[in-house]
Structures are given as structure tokens and as C-alpha cells.
*Asks:* 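One structure coming up, written as C-alpha cells, with questions to follow.
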There are 2 protein chains.
Amino acid sequence: MASNLASALITKLTASNILDGADVQALQQLPIKQRRLAAQQIIVADGSQPQECCLLEEGFAFRAKMTPDGHRQVLSLHIPGEIPDLQSLHLNVMDHDLLTLTPCSLGFIPHAALRNLNRQRPKVADALWRETLIDAAMFREWIVNIGRRSATERMAHLFVEVHSRLRAIGRTTDGDFSFPITQGDLADCLGLSVVHVNRVLQSFRKQGLIRAERSEYRIVDHSKLQEVAGFDPTYLHAHPGA
Amino acid sequence: MASNLASALITKLTASNILDGADVQALQQLPIKQRRLAAQQIIVADGSQPQECCLLEEGFAFRAKMTPDGHRQVLSLHIPGEIPDLQSLHLNVMDHDLLTLTPCSLGFIPHAALRNLNRQRPKVADALWRETLIDAAMFREWIVNIGRRSATERMAHLFVEVHSRLRAIGRTTDGDFSFPITQGDLADCLGLSVVHVNRVLQSFRKQGLIRAERSEYRIVDHSKLQEVAGFDPTYLHAHPGA
DNA sequence: ATGTAAACCAAACAATTGGTATGCCGAGGC
DNA sequence: GCCTCGGCATACCAATTGTTTGGTTTACAT
């Protein structure tokens with residue numbers, strides 16, 4: 001079981017980093033404890049001081065932060081292969097929550113093991129550092145999305161981003177992918193109200209851009225959606241060199 | 001001259017990281033080229049592939065990103081002691097611009113020197129990694145600010161954050177600090193229009209929260225502003241341990 | 001089968017925020 | 001000295017988005 005978990009991580013890291021055999025071997029020997037969680041459960045809570053990092057093997061997760069007056073803002077969405085709280089390795093206190101969006105299979109890796117690995121295998125350390133930097137790049141785009149795009153553009157951008165990331169890990173079938181999220185959670189992603197999310201979704205459907213049954217969304221007209229979004233994938237830093 | 005530059009960096013890193021004498025010494029020996037730039041100049045351009053990192057010695061800088069339709073969103077503000085493009089060490093292509101806000105004195109450190117340093121002094125590497133993680137934490141708060149706070153709250157939050165960060169490096173005198181920024185740039189920080197920024201500023205002045213002459217802002221009623229902002233400094237991760 | 005809760009949909013209305021136009025003032029160039 | 005330009009202020013109007021409310025469907029438990 002731990003080997004499945006490790007391989008998700010290795011796939012992820014080798015996709016956008018250059019690692020050698022010894023690096024991969026070291027990754028395979030990481031002690032990973034598996035745990036399953038239902039949807040909408042807290043994985044790591046704001047204010048806590050985690051001693052391990054969480055590897056997402058299966059399912060969707062997200063990070064979110066509450067304002068003092070009780071509003072929620074989603075900060076990022078996470079898909080299989082990612083380590084959504086890698087920052088806790090060097091930032092002792094969580095400044096936000098990490099939650100499951102759907103039922104998830106998770107792997108937990110002790111900080112001590114990761115720190116040791118980083119000392120032994122500098123290239124792995126660099127790869128992990130790089131992952132946190134890509135994380136930050138995605139935050140930057142998220143800022144632009146909320147700050148300077150209209151509700152329509154915002155939503156289009158979110159769909160295109162998720163599709164693009166899922167495709168990179170082979171979880172799409174042609175233009176189609178499944179993305180199970182509630183309209184309320186979408187609103188918290190986009191800094192909008194639920195009603196307005198609904199409005200925009202209706203208009204997308206009328207224009208034949210997406211299909212949606214219950215909380216499963218599918219892109220129909222991908223190129224059009226991409227155009228609406230003004231999507232430029234540079235910020236995903238999908239490719240290692242150059 | 002280079003020693004002044006290095007000391008700004010050392011002050012910054014030792015403030016929130018535990019480094020020993022050899023680490024500090026290694027930092028002091030970094031080759032740093034100084035350069036001065038006028039206000040509103042591009043330091044590192046979107047799309048470029050920098051071979052050095054930029055240390056801000058004096059002045060204000062900011063990072064910004066354009067949307068395809070020409071709108072600008074500011075992603076972060078930077079104050080002396082910070083390395084605003086440290087991410088370029090592992091992310092080869094810039095996904096945004098780095099610019100001077102005011103006239104700046106900058107130090108440039110070759111990537112090669114930093115990479116070498118990271119291999120020799122793992123604790124320095126961790127400290128630098130940590131800086132990029134704090135960066136990301138600030139992006140997260142920026143997202144919350146734009147996504148879930150009203151224009152008034154947003155602006156209050158920005159002022160309180162900048163004040164708090166300037167105080168940490170000893171650049172405030174009691175409640176007072178100077179923050180030279182144009183209303184247009186403020187708008188790009190907050191995801192608002194210039195007119196609305198002006199409205200909010202007027203109301204802040206009427207309420208005696210801030211003073212502003214030309215593009216120099218000063219906080220008058222700090223505690224009130226902090227309350228309006230709903231400010232919680234956790235995300236700044238100002239303290240090393242725990 | 002029935003009840004309940006959550007998600008979704010829809011309409012009317014309200015509020016915040018954006019756009020455009022205009023005038024003023026101070027800084028700097030000639 | 002004068003001109004131009006950028007930044008600031010203000011007014012008016014428009015548009016986007018939020019709020020409130022209520023109704024419908026779906027899922028699931030009893």
C-alpha cells in the first residue's frame with residue numbers, strides 16, 4: 001500500500017523535476033501511513049502544528065481560510081499526487097485549513113523523514129522546494145483571477161485550470177473530466193456569492209460551454225472556455241527545464 | 001558596499017530562522033552586485049529567465065501580473081531585506097513582473113552562488129526555502145483580502161500589514177510610517193478601481209483613520225484600522241520556532 | 001412511504017463598485 | 001514664465017454582484 005502512495009509522489013515529482021535512480025529509491029523508502037477520509041473533513045486545521053505532511057493519493061482536497069466575520073475563501077484545489085501542506089515542513093503553524101472535497105485516500109509522511117531525505121538527497125529537496133514554489137505560482141494566478149477578472153472569466157479560468165491539471169496526470173478522457181464540487185464551494189473559490197455562481201453556470205450551460213449534473217461538471221466547448229478565461233498555462237510550470 | 005547588502009539579508013534571515021556563525025559567514029561571502037533603479041522600473045520581466053536573485057536593500061518594490069485584456073493585478077509588496085524573486089532559483093520562467101515602486105537600491109546574487117551555498121549550508125537552504133513559504137502565506141492572505149473582504153476592509157488590511165512589516169524591520173516611528181504609493185497602484189493591489197480607492201480613502205480621512213499628503217500615507221488611528229481590517233498576523237510567520 | 005436536509009434554481013430588489021467626464025493642483029521640462 | 005502631464009478629487013450614471021426569499025429536486029434516513 002505504501003508503495004502505491006510513494007509511486008503517486010514519484011510520478012508527480014519526476015514529471016517536472018530531474019531525479020536519478022537513487023533519488024527515486026529514497027522516495028520509495030519513505031515511511032507513509034495511509035488514511036481515508038470522507039468528503040468535507042478537516043485534514044489539517046488552521047492553527048495546528050503538524051508533524052507530518054499529507055500526500056493526496058486519490059480524491060480532491062482544498063485549502064481554505066476563514067475571515068473573522070465568518071466568510072470562507074478557498075485558496076487552492078488539489079488533485080492526486082500533490083502534497084497540499086508541504087509548507088508545514090518549515091512553517092510551524094498552519095495559517096489555513098486543509099480539507100477533503102470528496103472522499104480521499106491520503107498518505108502521511110513524518111516531517112523527520114522528509115527532513116532526513118532532504119539532507120541525503122539534495123535533488124529531492126530541490127524538487128520538493130520547487131513544488132512549493134509552483135504552489136505559490138498558483139496562488140498568484142488565483143489572486144489575478146479574483147482581483148481582475150469578471151465572474152464569468154473567473155469561473156471559466158477555474159474550470160480550464162482544473163481540466164488542464166487533471167489532464168497532466170491522465171485523469172481526463174478527451175475533453176471530458178469529472179469535477180465534483182458544490183456551487184457553494186465554487187463560490188468560496190471565486191470570491192462570489194452562491195446565487196451569482198448559479199447565474200454564471202446557467203449562462204455557461206445555455207452557451208453550451210459546460211454540462212453539469214448535480215455537482216459533477218464537464219467541459220463541453222473547451223476552446224471557447226479557454227478563450228473566455230484568458231488562460232495562459234505558464235504559471236503551472238509544468239515542464240522541468242528551460 | 002556588498003557587505004551592507006549582505007547584512008540586510010542576514011538581518012532578515014536571522015530574524016526568523018536559527019543560523020549559526022558559519023552560516024552567517026557564508027552569507028557574508030556571497031557575491032552581490034549592487035544596482036540602483038528609479039521608481040516604476042521593471043526589475044525582472046514576466047517571461048524572462050533570470051540567472052540571479054534580487055535582494056531589496058532600500059525602497060519599495062512590488063510584483064504584478066497582467067491579464068490578457070490589459071488589467072494589472074499587484075501580487076505583493078516588498079520592503080527592504082526581502083528577496084522578491086527567490087522563486088526564480090527553481091522556477092525557470094518568470095510568470096509575473098517584479099518592479100520598483102519607489103527608487104530602489106538592489107543587490108543581485110547569481111543563482112549559481114545561491115545553489116552552491118544551499119549545498120554547503122543546509123540550514124541556510126532551509127531558511128531561504130522558508131522565506132519562499134512565507135511569501136506563499138502572504139499570497140494566501142492576499143487572496144482572502146481580495147476575495148472575501150469589502151473595499152474598506154481590504155484597504156485597512158493592506159495598511160495594517162505594511163505597517164506591521166515595516167515595524168518588524170524598525171522602519172516605523174510610533175504609529176507613524178511613510179508608505180509612498182499612488183492611488184492607481186493601490187487599486188491594482190486591491191482589485192478595485194481608482195475612483196473607488198479614492199472614495200475609501202476619503203472616508204478613512206473623515207474618520208481620522210489615516211492621513212495622506214500626496215502619495216505618502218500615514219496611519220493615525222492604528223487600533224481602529226486594525227479592527228476594521230480584521231487583522232491576524234499569524235500568516236506573517238514572524239517568529240522562528242513553535 | 002414519508003420526512004428532512006442539502007443542493008439547486010429563480011426572481012425581485014438592493015448595494016457595492018465601476019466607468020466616464022471634468023476640473024484642479026503641483027512637479028518638472030523648455 | 002508657461003505648458004504639459006500625472007495624480008488627485010468629485011459628480012453622475014451604469015453595471016455587476018449581493019441579499020433575501022421561496023420553491024423544487026434529490027438524497028438519504030426513518
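A note on names: the letters A, B, ... follow the listed sequences, proteins ahead of strands, and every chain is numbered from 1.
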*Asks:* Rounded to the nearest angstrom, tell me the gap between atom CD1 in I146(B) and atom C1' in dT17(D).
*Replies:*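 Nearest whole value for this atom pair: 17 Å.
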*Asks:* Whole-Å distance between dG18(C) C1' and R154(B) CZ?
*Replies:*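 Rounded to the whole Å, the gap is 12 Å.
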*Asks:* Could you state the CG-C1' distance from L101(B) to dG7(D), rounded to the nearest angstrom?
*Replies:*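 Spelled out: CG on L101(B) to C1' on dG7(D) is 14 Å.
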*Asks:* Measuring from K12(B):NZ to I79(B):CD1, what's the distance to the nearest 0.5 Å?
*Replies:*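 Separation between the atoms: 6.0 Å.
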*Asks:* On the ring face of F179(A), is R218(A) found with NZ or CZ under 6.0 Å from the centre and within 45° of the axis?
*Replies:*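 Not satisfied by the 6.0 Å and 45° rule.
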*Asks:* Expressed in angstrom and rounded to an integer, what is the separation of H71(A) atom NE2 from dT16(C) atom P?
*Replies:*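 These atoms are roughly 13 Å apart.
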*Asks:* Which whole-number value in Å describes the distance from R149(A) CZ to dA15(D) P?
*Replies:*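 One finds 23 Å between P of dA15(D) and CZ of R149(A), rounded.
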*Asks:* At what distance, to the nearest 0.5 angstrom, does CZ of R199(B) lie from CG of L192(B)?
*Replies:*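 With rounding to 0.5 Å, CZ (R199(B)) is 10.0 Å from CG (L192(B)).
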*Asks:* Do the non-hydrogen side-chain atoms of L201(B) and Y217(B) ever get within less than 4.5 Å of each other?
*Replies:*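 In contact.
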*Asks:* Closer to the 5' end of DNA chain C via nearest nucleotide, is it R148(A) or Y217(A)?
*Replies:*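 Per heavy-atom nearest nucleotide, the more 5' residue is Y217(A).
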*Asks:* Just how far, in rounded Å, is P of dG7(D) from CG of L186(B)?
*Replies:*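 Answer to the nearest Å: 13 Å.
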*Asks:* How long is the line joining NE2 of H196(B) and C1' of dT16(D), in whole Å?
*Replies:*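 One finds 13 Å between C1' of dT16(D) and NE2 of H196(B), rounded.
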*Asks:* Could you run down the sub-3.5 Å N/O contacts of the protein with nucleotides 9-14 of chain C?
*Replies:*
| from | atom 1 | to | atom 2 | distance (Å) |
| --- | --- | --- | --- | --- |
| dC9(C) | OP1 | R205(A) | NH2 | 3.0 |
| dC9(C) | OP2 | Q183(A) | NE2 | 2.6 |
| dC9(C) | OP2 | N198(A) | ND2 | 2.9 |
| dC9(C) | OP2 | Q202(A) | NE2 | 3.4 |
| dC9(C) | OP2 | R205(A) | NH2 | 3.0 |
| dC9(C) | O5' | Q202(A) | NE2 | 3.2 |

*Asks:* Could you check whether any side-chain heavy atom of E82(B) comes within less than 4.5 Å of a side-chain heavy atom of D135(B), counting everything from C-beta outward?
*Replies:*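 Side-chain contact under 4.5 Å: no.
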*Asks:* dC8(D), OP1 or OP2 - any side-chain N/O from T182(B) closer than 4.0 Å?
*Replies:*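 Yes, because at least one side-chain N or O of T182(B) sits under 4.0 Å from OP1 or OP2 of dC8(D).
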*Asks:* Between R63(B) and D85(B), does any NZ, NE, NH1 or NH2 come within less than 4.0 Å of an OD or OE carboxylate oxygen?
*Replies:*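 No, D85(B) and R63(B) are not salt-bridged.
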*Asks:* Once you round it to whole Å, what is the distance between P of dT16(D) and CG of L192(B)?
*Replies:*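 Roughly 17 Å, once rounded to whole Å.
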